[in-house]
Each structure stands twice: as structure tokens, then as C-alpha cells.
Amino acid sequence: MLEVKPLRSPRRTFFATLPAGNGYYILLPPVPADTPETNPLMRTSGPPQFDSIDEDHVLNGLGKTTINHETAFYRYEEDIQKMKTQRTFEAVFDPLDQLNHDLVHTFTTAKILSLVKSSPKLDNAIQQSQQGIARCRALPNGSQTVLRSIKEINNEQAHKLSEAQQRVLSRYLLEARLAGAELNSADSRLHQSIYASLEEKKDIFRSNLIRTSEKFSSALMDPTSMDEAPKNVIDLLLKTSSTYSVGPVVTLKPPVYHSFMKYCRDRRQRWNVWRAFVGRAGFGDASTNNSLVIEDIRQLRAKEAKLFGYENYAALSMETKMARSVADVMSAVSEMTIPSKAKCQTELSSLQSYASENGLQGELKMWDMAYWRRKQREALFRINDEEVRQYFPFETVFESMLRLAKDLFQVTIKKDTSKQFPVWHEDMQFYKIFDQDGAELSGFYLDPYARIGEKDSQARCELAQNRSKAANASPLAALIFSFLPPTNGKPSMLTYDEVSSLFQKFGTALQHLLTTVPYGDVSGVNNVEWDALNVCGATFRMFLNNPSVLKSLSKHAENGQQIPDDLIQRLYQSERHLSSLDLLSEMYFGVLDLSLYTKGDFWQDITKDVWRDFMPFALEKVDAHPCGFSHVFVGHYAAAYYSFLWSEMVAADVYSAFNDAGFGKTKEAAHMGRMFRDTFLSLGGSCHAAEVFRRFRGRQVSPQALLQFYNIV
């Protein structure tokens with residue numbers, strides 16, 4: 001197998017043409033002439049110049065930035081080699097922090113623009129640059145010069161370093177080891193072979209899933225079967241139908257599929273669509289069957305784990321997790337399983353009775369759940385999204401959220417009027433965060449409203465700039481939403497789900513914005529263990545489950561009154577409806593993923609065993625859902641899917657501490673807020689997440705808080 005190594009000389013690396021050994025010429029893209037003076041995207045010493053950057057700046061700027069980064073990195077390597085005195089932490093890592101700052105600043109600026117001013121040219125530029133950016137980020141991991149320097153510092157100076165500096169060291173040492181930097185030549189070639197084969201198999205898995213998903217479409221022969229659906233769902237089906245030139249059409253795209261299953265009252269149609277969804281890339285067509293591909297991916301990852309000295313791939317995955325072992329995860333899951341099953345049995349019995357009384361023939365099946373769950377929820381709690389929306393004007397919610405952050409964390413958040421931070425649209429604002437003593441800490445962009453055809457519709461928290469002492473940079477973030485804009489003098493009004501999304505993203509942003517760690521690689525959310533990444537966002541979202549917090553956000557659009565207590569309670573009950581089933585489902589997928597990467601049995605046998613342990617329904621013969629489980633076979637969550645559940649479990653434990661202290665202007669609430677700021681919000685990735693939690697709570701995390709949060713116990 002051909003081994004490709006980066007060329008050391010910038011002069012040889014970036015010629016537009018290179019003579020090949022066979023006498024032909026290899027043509028490479030010309031090096032862009034862009035500089036920071038001519039291209040505002042490349043100006044990294046100040047805030048992003050969002051108002052001046054166009055598509056050509058992005059296309060050329062990203063390419064030139066990767067070239068500059070590689071050139072600067074090789075020069076940095078030479079400087080380290082020439083050092084005659086003892087290499088210090090600052091001498092090795094400050095230049096790296098500066099290099100990474102410039103790279104991340106440029107790429108995140110371009111990425112944010114692609115999300116809020118979408119165009120084919122911008123999207124293509126981002127896609128083309130990702131491989132180059134990833135290559136640049138990986139350069140230290142493949143450098144023996146850098147590795148020797150880090151080991152020297154770790155062996156001789158670690159006892160003199162701060163906790164954050166030691167975490168920087170440990171991060172680089174782990175990443176270098178798992179990148180193969182310490183393998184011998186034979187094992188290195190084997191590692192490269194495994195990597196190449198794994199990428200090939202992942203491409204096949206992805207292609208099979210896409211092909212089978214796109215192949216299916218089902219026209220609604222009886223449109224009245226969707227007469228319970230709101231207008232936005234009908235519009236979604238009609239939008240899909242334009243591709244097929246017929247009436248309303250159901251496809252397997254997740255938004256379409258889930259909406260259809262929730263509102264279609266025709267059981268046969270639901271079964272037909274459900275069967276197609278869970279059978280994607282399954283046994284229906286041998287040419288697109290992912291069964292053997294799954295086995296290949298599992299075997300390749302098992303080989304990779306063995307190569308690095310781990311018993312299995314799940315053990316390797318745990319190197320970057322708050323849960324330090326598979327056994328820790330299984331212990332927490334075990335504690336939640338029995339009470340969840342008991343509660344689920346009661347709730348499903350109630351749902352079965354309701355469905356039978358309202359026309360269902362026979363037992364509830366998987367393809368019935370979304371429909372009858374919605375029906376029962378509406379009947380029990382009488383929650384109307386539009387009624388709830390009238391209590392949550394965006395401006396009121398947002399300003400109240402900022403006051404909550406001020407009360408809890410002793411910070412002041414002010415809208416910036418200096419115009420020193422250029423914005424990309426007139427609807428948006430820039431906010432600065434100040435400490436108690438008036439010191440400026442950080443800032444964030446807020447782009448709240450939908451712009452059809454121009455802006456990504458997903459709620460996002462994008463990290464625009466890390467805190468870095470070496471780069472003299474303070475944290476920046478961008479909060480991007482697609483709320484309905486104000487119209488005809490009426491304010492933007494939010495649904496409860498949108499309020500939850502706002503709180504979730506703001507909580508995530510605060511961990512980035514309030515970090516005190518001066519090293520970009522471990523500041524804010526950087527280097528936080530994967531299964532703890534969502535803790536701050538989830539904790540802030542859970543604040544909404546305190547009635548006093550929810551009331552403080554509300555102001556009816558017409559009469560100005562706060563949301564009534566009765567509606568709050570019905571809203572909470574509605575949110576927790578059949579939460580036991582949701583929890584069992586999350587545990588099922590998390591344990592299935594870990595089992596696939598710890599056991600050697602055929603994937604179907606593992607699936608049957610794990611399904612039996614958690615799910616209250618029979619596993620249908622046509623159900624081949626692991627063949628479409630892309631998160632763990634082609635995504636970033638192999639042996640890590642449990643991370644979503646773990647973050648939620650940790651957040652529930654953190655929230656219970658806040659809830660016990662209360663959210664008023666009391667000493668107890670202020671103390672809890674200070675503790676949270678000094679641990680989770682301040683330390684970020686500079687301290688292992690398990691230790692961060694211990695410092696906040698004084699003990700290990702307990703699953704009981706999550707069970708209590710969902711009223712399971």
C-alpha cells in the first residue's frame with residue numbers, strides 16, 4: 001500500500017505543478033494570492049469581519065489558510081528542533097495555540113456564514129476545505145518532533161505545571177498515541193490499512209442507506225387520513241410531493257417520516273411506511289444490504305483496538321469519556337432499568353385502554369405508538385401549541401433569560417452598540433458579557449429569526465473563537481435560530497419547544513463564554529469528555545421545569561399576564577408523558593451500541609438480546625433498524641451513543657441541586673450559581689468531567705435524579 005507523507009518543504013509542497021516520476025506533470029490548484037490585507041476572512045487578530053466577507057473570500061481564504069498553516073507548522077517544528085535550552089510548556093504550546101487560533105477563527109467564521117447566508121458556492125467551499133482543515137489539525141499528532149518535546153515536558157516538568165497545562169499535555173499524548181504515532185513501521189502500515197478499509201466500508205454503509213431511503217415514496221391515496229395534522233405538516237408533505245408531481249407524498253426523510261407517523265390515522269399506511277423505515281439497507285435488497293458491512297466495520301474497529309492494546313473498541317472509546325468504563329455505564333443503566341420498566345408497563349396499559357376505546361383493533365404495535373401517544377397526550381392534558389405560544393414573546397423570554405444568568409452567575413450581559421463587532425444581517429445583535437467588577441469576559445452573536453432559502457433551520461450554538469492567552473483572544477459564540485419573525489407590528493412568539501431550544505443552546509454557549517482557562521485546546525467545551533458535552537445545555541434547559549423560572553419568562557401577547565399555574569402543570573405533565581418509554585429506548589440504543597463493540601456475536605443476535613432486555617414490544621421480523629444506525633457505524637458515536645443519555649443523567653443531578661436551592665434572589669441560589677460557574681462553566685475541558693462534577697456535587701453522579709426528573713420514581 002502506498003504510504004503518503006506530508007512534504008516538509010513549503011516550497012516543494014505548494015508548487016502549482018510538480019514533475020512526476022514517470023515524466024508526466026501533476027496539476028495542482030494554483031495557490032491563492034489572498035492575504036489578510038486583501039481577504040477579510042483571513043484577519044484573525046480581531047472579531048470576524050462578517051459584513052465584508054463574500055463567497056470568493058471564503059473559497060480562496062480557506063485554501064490559503066491551510067497552506068499558510070502547514071507552512072507555519074513546519075517552521076514551528078524546525079524552531080523546536082533548534083532549541084538549545086530545555087523545552088518549556090510555553091515554548092512548545094503557545095505557538096501551537098496561536099496556530100490553532102488562526103485556523104479555527106478562519107474556518108468557524110466561514111462555517112457560520114454558510115449557515116446564515118447559505119449558497120451552493122459557500123457550501124461547496126466549506127465541504128472542499130474540511131479535509132484540509134482536518135489534516136492541519138492532525139499535524140501535531142503525526143510529528144515526532146512535537147511528540148518528543150511533549151514527552152520531555154511530561155517526564156521532567158509535569159509536577160510544576162497547572163492542572164490545565166497537564167490536561168493539554170495529556171490531550172496531545174492521547175491523540176498522538178491513538179493516531180498511531182508510537183506504532184512501529186509494521187503496525188503503522190497495518191493501522192493505515194485498517195483506516196483505509198474502514199473509510200471504504202463506511203462509504204458503502206452510507207451509500208446503501210441513502211439509496212434505500214431515496215427509493216421509497218408513498219403517495220397518500222386518501223388525504224383525509226392526515227386531516228388531524230396541522231398546516232405545517234401538510235405543507236411539508238406537499239413540498240415533498242413537488243418532487244414526484246403527485247399529491248401529498250410520504251418519504252423516509254426523518255422530518256417527513258416522524259410527522260406522518262404522528263398524525264396519520266390510517267393504520268395500514270402507518271405500517272407500510274414504518275416497515276420501510278426500519279428496513280432501510282436491510283434484507284429487502286441484497287445489493288443495498290448493510291448486514292455484512294456492519295460486521296466488517298465491527299471487525300475493523302476490533303482490530304484497531306487490539307493494535308493499541310485495548311480489549312475491544314468500546315474500551316478504546318472510554319478513553320475520552322466521563323464514564324471511565326463500560327461497566328460504569330452498565331451500572332447506571334441497570335439502576336434505571338427496573339423502575340423504568342415498571343412505570344412503562346403502567347403507562348402502556350393506560351395507552352392501550354385509551355386506544356382500544358377510541359377505535360384501535362388489537363394490541364398496540366410499534367407503528368401505532370407515535371399516533372396514539374399524541375392522541376392520548378392531547379386528550380389528557382389539552383395542550384395547544386398555539387395557546388402556549390401566546391405567553392412567550394421572544395424579546396421577553398430572551399431578556400428574562402439574561403437576567404436569570406445574571407442572578408445565578410453574577411455576570412451582566414449587554415447589547416453592544418459600538419459597532420465594533422460586524423454582523424451579517426440587520427435582524428441580529430452582538431452582546432458582551434461583563435464580570436461583577438466590570439471586566440469584559442466574552443461576547444456572542446444572536447441571529448434569532450428564520451430567513452427562508454438563506455438560513456439553516458436548525459437551532460445552533462457555533463463557537464466562533466476560543467479563549468487563548470497566546471493569541472490574546474476572548475471567547476466568541478454565535479446563537480442561531482429560526483424563530484418566526486415579528487410581522488405587522490406583532491412580536492415573535494415562541495412555542496415551548498423553541499423556548500427549550502433557546503435555553504439549551506444558551507447553556508452550551510455559557511460554558512464556552514465563561515471559561516477561565518487560557519489554553520484554546522482545553523478551554524470552554526474543547527476537550528470536554530464526549531458524554532459530558534451536553535451537560536451545561538441540558539442543565540439550563542431543565543431550569544424551565546421550575547415554575548417560577550417559566551413564569552418569569554412569560555407575558556401574554558394580548559393581556560400581558562404570566563402563564564397560569566394550571567397550564568404550567570399540564571405542560572409539564574405533557575412533556576413527561578410516556579417518558580419511561582423514551583428512557584428505555586435511549587438505554588436500548590446506548591447498550592446496543594456498546595454491545596456491538598464489546599461482543600463478537602452476529603449483530604442480529606446481539607440486537608435480539610438487547611431488545612429483549614429493554615423494549616416492551618416484540619421485535620418484528622422485518623425490523624432491521626441497526627442497518628440504518630448511522631450514528632455508530634459511519635458517524636462519530638461508535639461505542640459512544642450512550643453519551644446523550646449520560647449527559648442528561650448528569651444534568652438532572654446538577655439541576656436537582658439548583659432546584660433544592662431555589663431560583664430566587666437568595667444566598668442559597670447565589671451560592672449554587674457560583675459553584676456551577678466555578679466548576680462546569682469555568683473549568684471546561686481543563687479538568688476531567690467526573691472530577692468537575694465531584695467538585696460541584698461532592699460525590700459521584702447518581703441516576704436517581706434523572707428518574708425523579710421524569711417522575712419515574
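Sequential numbering from 1 along the given sequence is applied to the chain's residues. Every value quoted in this text rests on a predicted model; they were computed, and no experiment measured them.
- R373 has no carboxylate O lying under 4.0 Å from a charged side-chain N of E378, or vice versa, which leaves the two without a salt bridge.
- Listed for the S331 side chain is no donor-acceptor partner under 3.5 Å among the backbone atoms of A327.
- Listed by first then second residue, pairs satisfying ring-ring contact (aromatic ring centres under 6.0 Å, His included) with a partner in residues 314-345 number zero, not counting sequence neighbours.
- Of the possible donor and acceptor atoms, one in the side chain of T320 sits under 3.5 Å from a partner among the backbone N and O of S317.
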- Message: Using the rule given for side-chain hydrogen bond (donor to acceptor under 3.5 Å, both in side chains), can you reason through D521 versus N526, listing the C-alpha separation, both sets of side-chain angles and the distance that settles it, and then say yes or no?
- Response: CA-CA 6 Å; D521 280 323; N526 295 309; over 6 Å; no
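- Surrounding CG of L292 are at most 12 heavy atoms belonging to other residues, nucleotides or ligands under 6.0 Å away.
- Legend: residues meeting side chain to side chain contact (heavy atoms under 4.5 Å, CB included) with N289, ordered by chain and number and at least two apart, are F283, S291, C627.
- The ring-ring contact (aromatic ring centres under 6.0 Å, His included) search around F481 returns F483, not counting sequence neighbours.
- A salt bridge links D203 with R206: the closest approach of a Lys/Arg side-chain nitrogen to an acidic carboxylate oxygen falls below 4.0 angstrom.
- Sorted by first and then second residue, the side chain to side chain donor-acceptor pair (under 3.5 Å) pairs with a member in residues 610-620 read D609-R612; sequence neighbours excluded.
- Among residue pairs with one or both ends in residues 527-545, those qualifying as side chain to side chain donor-acceptor pair (under 3.5 Å) are R167-E529, Q504-R541, D531-Y642, R541-E648, N545-R576; sequence neighbours excluded.
- Salt bridge K215/D285: present, at least one basic N to carboxylate O contact under 4.0 Å.
- A distance below 6.0 Å separates the ring centres of Y588 and H625.
- H688 pairs by the ring-ring contact (aromatic ring centres under 6.0 Å, His included) definition with nothing, not counting sequence neighbours.
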- Before giving the answer on side-chain contact (heavy atoms from CB on, under 4.5 Å), spell out for F696 and L683 the whole-Å C-alpha distance, their side-chain angles and the decisive distance to 0.1 Å. CA-CA 11 Å; F696 175 74; L683 297 175; over 6 Å; no
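- Ring geometry for Y313 against Y597 counts as tilted: the plane angle lies between 30° and 60°, on a 0 to 90° scale.
- Centroid-to-centroid, the aromatic rings of F540 and F543 come within less than 6.0 Å.
- In K505, the NZ atom is crowded: over 12 heavy atoms of neighbouring residues, nucleotides or ligands sit closer than 6.0 Å.
- A salt bridge (charged side-chain N to carboxylate O under 4.0 Å, His left out) check over residues 293-312, counting only residues at least two apart or in different chains, returns the pairs K201-D296, E295-R298.
- Applying the ring-ring contact (aromatic ring centres under 6.0 Å, His included) criterion to F308, with sequence neighbours excluded, gives H191.
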- Task: Show your reasoning for whether side-chain contact (heavy atoms from CB on, under 4.5 Å) applies to L348 and L578.
- Result: CA-CA 8 Å; L348 284 180; L578 275 170; 4.1 Å; yes
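- Aromatic ring centroids of Y371 and Y263 lie 6.0 Å or more apart.
- More than 12 heavy atoms of other residues, nucleotides or ligands sit less than 6.0 Å from atom CZ of F602.
- Scanning both residues, P626 and I294, for their nearest heavy atoms gives O-CD1, 3.6 Å.
- R280 forms a cation-pi arrangement with F277, by the criterion of a distance under 6.0 Å to the ring centre and an angle within 45° of the ring axis.
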- Item | side-chain contact (heavy atoms from CB on, under 4.5 Å) between M649 and M336, worked out | CA-CA 10 Å; M649 181 182 75; M336 292 188 285; 4.2 Å; yes
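- Every side chain to side chain contact (heavy atoms under 4.5 Å, CB included) that N358 has, sequence neighbours left out, goes to Y354, W372.
- Here D653 pairs with R697, R699 under the salt bridge (Lys or Arg N to Asp or Glu O under 4.0 Å) rule; sequence neighbours left out.
- For E363, the CD atom sits in a loose shell: 12 or fewer heavy atoms of surrounding residues, nucleotides or ligands are nearer than 6.0 Å.
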- Task: Evaluate the criterion side-chain contact (heavy atoms from CB on, under 4.5 Å) for residue pair V250 and Y257; output intermediate values, then yes/no.
- Result: CA-CA 7 Å; V250 184; Y257 168 77; 5.8 Å; no
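- Salt bridge annotation for E175-R171: present, with a cationic side-chain nitrogen under 4.0 angstrom from a carboxylate oxygen.
- Ring-plane geometry between F633 and F629 is classed as perpendicular, the angle between the planes exceeding 60 degrees on a 0 to 90 degree scale with a lower cut at 30.
- Proximity of the aromatic rings of F589 and F644 is defined here by a centroid distance below 6.0 angstrom, and this criterion is not met.
- Under the rule for a ring-ring contact (aromatic ring centres under 6.0 Å, His included), the partners of Y172 that lie at least two apart in sequence or sit in another chain are F93.
- Remark: A186 engages N184, R189 in a side chain to side chain contact (heavy atoms under 4.5 Å, CB included) (not counting sequence neighbours).
- Distance alone, capped at 3.5 Å, is enough to place a donor-acceptor pair between the Q352 side chain and the G362 backbone.
- Taking the six-membered ring for Trp and thresholds of 30 and 60 degrees, W367 and W274 have ring planes inclined between 30 and 60 degrees apart.
- Listed here is the closest heavy atom pair of F381 and S574: CD1-CA, 3.6 Å.
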